[in-house]
A.B. asks: 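Quick one: this structure, given as structure tokens, is what I'll be asking you about.
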Amino acid sequence: MLILSDKLQVFASVGFIYSLAAIGLSAHLLMDKPIGEQSMIDGSLQSLYEAGFTHANPLNDTAISAMAAMKYAAFGQAHKGAIVGKDGWLFTSEEFEVDPNFYENMSNSATEIARVRALMKRKGVKLIPVIIPDKADVHADKLKTNRPVEAEMRHGHLLSLLASRNVPVLDAKNVLSSNSAWGQGFLKDDTHWSPEGSRAVAEMVASHLAQFDIGLTQTSVTTVQGSPVNFNGDLLQFVPTGVLRETFGPAQNKISTYTTTVNTGSGLFGGTNIDVALVGTSFSAKAEWNFLGFLQDALGADALNFATEGQGPFAPMHDFIASDTFQNTPPKLVVWEIPTRYTSLEMTR
């Protein structure tokens with residue numbers, strides 16, 4: 001990747017700004033100007049102008065890529081939504097933000113986790129909340145900017161709140177931070193853990209459960225590792241360098257692929273209940289991380305996945321509790337994956 005010296009950064013920046021100005025002026029002269037009685041107050045005139053400008057700009061896509069490349073290579077910045085760290089690492093800005101009701105939200109989250117645990121206990125279900133730290137907690141050595149104090153202490157504060165409510169949890173921070181046997185805990189350009197980090201957490205869950213006599217129905221589970229494939233993390237949307245990516249970055253990353261096969265026998269179609277349910281976020285829902293598969297493999301048991309993307313950890317749990325599965329044929333074990341950063345936000349439902 002191209003790294004610019006300080007002087008070259010200045011010259012490149014000035015030249016780039018003048019180039020954009022020239023492109024913008026030409027687009028302005030070429031576009032059809034909005035006419036009529038659109039109000040400048042309600043913004044309709046501005047919207048029409050922006051649409052006309054974009055349509056007339058002959059280098060619109062190139063300009064967007066060039067601007068992103070300049071911000072990334074020269075200034076070490078991404079678009080709003082991501083933070084650029086060291087060595088090309090990217091972090092979601094959500095891990096740096098502090099909600100105005102930070103402490104109240106965290107207290108409410110801990111209380112809700114305790115409520116769910118009590119409900120599960122009454123149903124005879126063992127609940128294992130797995131607390132997933134921020135990527136910025138695990139890979140703090142890759143940060144170039146400091147986080148607010150509240151964000152830095154969020155993980156530890158959540159664990160304290162849960163302990164005060166007598167809620168036992170599994171903290172995944174250590175296994176993700178020091179899982180040298182598996183590889184790095186999180187992906188370089190994605191919000192989520194790596195497949196290797198996912199596997200390490202699944203093994204941690206299985207090791208913890210070995211001390212309990214839950215009596216899970218054992219079955220044959222096989223996980224096969226495939227060839228690595230190119231992978232573009234979700235944080236790259238905030239660094240849209242496009243055709244300039246090969247020169248300016250971010251670098252193309254690869255991830256390992258895994259396929260897990262469960263020999264269900266007559267279990268799936270023969271009426272046998274499945275003893276394990278997985279509930280959580282995109283950490284559990286996205287197939288690329290194979291957390292469900294790793295968990296099945298580590299436990300030697302089949303599992304149902306109730307995790308969903310884009311809803312945080314609480315909405316999927318509420319949906320699971322309301323489901324026919326939980327109401328009529330509850331599993332023996334529920335693994336609840338909870339990313340720490342969601343617990344300082346207001347619960348939507």
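For the numbers below, each heavy atom of this structure counts, side chains included, while hydrogens, waters and symmetry mates do not.
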A.B. asks: Once the angle between the rings of H157 and Y103 is folded into 0 to 90°, is it parallel (under 30°), tilted (30 to 60°) or perpendicular (over 60°)?
C.D. replies: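 Judged by the thresholds at 30° and 60°, the geometry between H157 and Y103 is perpendicular.
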A.B. asks: Tell me every residue that passes side chain to side chain donor-acceptor pair (under 3.5 Å) with R117, counting only those two or more places apart in sequence or in another chain.
C.D. replies: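 By the side chain to side chain donor-acceptor pair (under 3.5 Å) rule, R117 matches no residue at all.
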A.B. asks: Under 3.5 Å, is there a donor-acceptor pair between the side chain of S107 and the main chain of E104?
C.D. replies: no
A.B. asks: Could you verify whether a donor N or O on one side chain and an acceptor N or O on the other, from N290 and T260, lie under 3.5 Å apart?
C.D. replies: yes
A.B. asks: Compute both the distance and the angle, then confirm whether K80 meets the cation-pi test with F238: under 6.0 Å from the six-membered ring centre, within 45 degrees of the axis.
C.D. replies: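 Verdict for F238: no cation-pi partner in K80.
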A.B. asks: If the condition is side chain to side chain donor-acceptor pair (under 3.5 Å), which residues does S344 pass it with, not counting sequence neighbours?
C.D. replies: R154
A.B. asks: Please tell me whether D275 and T217 have a donor and an acceptor in their side chains that are separated by less than 3.5 angstrom.
C.D. replies: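 There is such a pair between these side chains.
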A.B. asks: Determine yes or no for a side-chain-to-main-chain donor-acceptor pair under 3.5 angstrom, with K123 supplying the side chain and Q327 the backbone.
C.D. replies: yes
A.B. asks: Applying side chain to side chain donor-acceptor pair (under 3.5 Å), name anything that partners N108, two or more places apart in sequence or on another chain.
C.D. replies: none
A.B. asks: Tell me every residue that passes side-chain contact (heavy atoms from CB on, under 4.5 Å) with A163, counting only those two or more places apart in sequence or in another chain.
C.D. replies: none
A.B. asks: Between R199 and E196 (salt bridge meaning N to carboxylate O under 4.0 Å), is one present in this structure?
C.D. replies: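 So R199 does not pair with E196 through a salt bridge.
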A.B. asks: Between CG of D234 and CD of E288, what distance do you get to the nearest 0.5 Å?
C.D. replies: 10.0 Å
A.B. asks: Can you check whether H155's main-chain N or O pairs, donor with acceptor, with T340's side chain at less than 3.5 Å?
C.D. replies: no
A.B. asks: Is it the case that the ring center of F231 lies less than 6.0 angstrom away from the ring center of W289?
C.D. replies: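 Centroid separation for W289 and F231: below 6.0 Å.
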A.B. asks: Measure from the side-chain N and O atoms of W336 to the backbone N and O of V116, and report whether any donor-acceptor pair falls under 3.5 Å.
C.D. replies: no
A.B. asks: For T257 and Q225, does a side-chain donor sit closer than 3.5 Å to a side-chain acceptor?
C.D. replies: no
A.B. asks: Other members of the hydrophobic cluster containing V224, with the 4.5 Å side-chain heavy-atom rule, please.
C.D. replies: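 Result for V224 is none, singleton.
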A.B. asks: Evaluate the side-chain proximity of L176 to K135: yes if any heavy-atom separation is below 4.5 Å, no if none is.
C.D. replies: no
A.B. asks: Where the side chain of D189 meets the backbone of P250, is there a donor-acceptor pair that is under 3.5 Å apart?
C.D. replies: no
A.B. asks: How would you list, by chain and number, every residue that makes a side chain to side chain donor-acceptor pair (under 3.5 Å) with N305, sequence neighbours excluded?
C.D. replies: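 Not a single residue meets the side chain to side chain donor-acceptor pair (under 3.5 Å) criterion with N305.
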A.B. asks: When rounded to the nearest 0.5 angstrom, what distance separates NZ in K86 from OG1 in T145?
C.D. replies: 10.5 Å
A.B. asks: Can you list the steps and then say if Q296 with D302 is a side chain to side chain donor-acceptor pair (under 3.5 Å)?
C.D. replies: CA-CA 6 Å; Q296 291 169 320; D302 201 359; 3.0 Å; yes
A.B. asks: Same cluster or not: Y258 versus V221, using hydrophobic residues (I, L, V, M, F, W, Y) connected whenever any side-chain heavy atoms lie under 4.5 Å apart?
C.D. replies: no
A.B. asks: Any sub-3.5 Å donor-acceptor pair from S282's side-chain atoms to A285's backbone N or O?
C.D. replies: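 Pair absent, no side-chain N/O of S282 close to backbone of A285.
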A.B. asks: Looking at E95, is its backbone amide N or carbonyl O close enough to the side chain of R147 to form a donor-acceptor pair, meaning the two atoms are under 3.5 Å apart?
C.D. replies: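 Judged by distance alone, yes, a pair lies under 3.5 Å.
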A.B. asks: Would you please indicate if the ring centroids of W193 and F291 are separated by under 6.0 Å?
C.D. replies: yes
A.B. asks: Between K254 and N230, is any side-chain donor less than 3.5 angstrom from a side-chain acceptor?
C.D. replies: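 Note: K254 and N230 side chains meet the donor-acceptor criterion.
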A.B. asks: Answer yes or no: is there a donor N or O on one side and an acceptor on the other, between the side chain of Q311 and the main chain of T308, under 3.5 Å?
C.D. replies: no
A.B. asks: Check for me whether K142 meets the cation-pi criterion with F91, that is, NZ or CZ under 6.0 Å from the six-membered ring centre and within 45 degrees of the ring axis.
C.D. replies: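 No, K142 does not lie over the aromatic ring of F91.
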A.B. asks: State whether a side-chain donor-acceptor pair under 3.5 Å links Q237 with N232.
C.D. replies: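 Not at all, the side chains of Q237 and N232 share no donor-acceptor pair under 3.5 Å.
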A.B. asks: Is a side-chain donor or acceptor of D190 paired with a backbone partner of H192 at a separation under 3.5 angstrom?
C.D. replies: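 Looks like yes, one N/O pair under 3.5 Å.
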A.B. asks: Below 4.0 angstrom, N of the basic side chain to O of the carboxylate: do K173 and D134 qualify?
C.D. replies: no
A.B. asks: Between the main-chain N or O of N105 and the side-chain N or O of S109, is there a donor-acceptor pair closer than 3.5 Å?
C.D. replies: yes
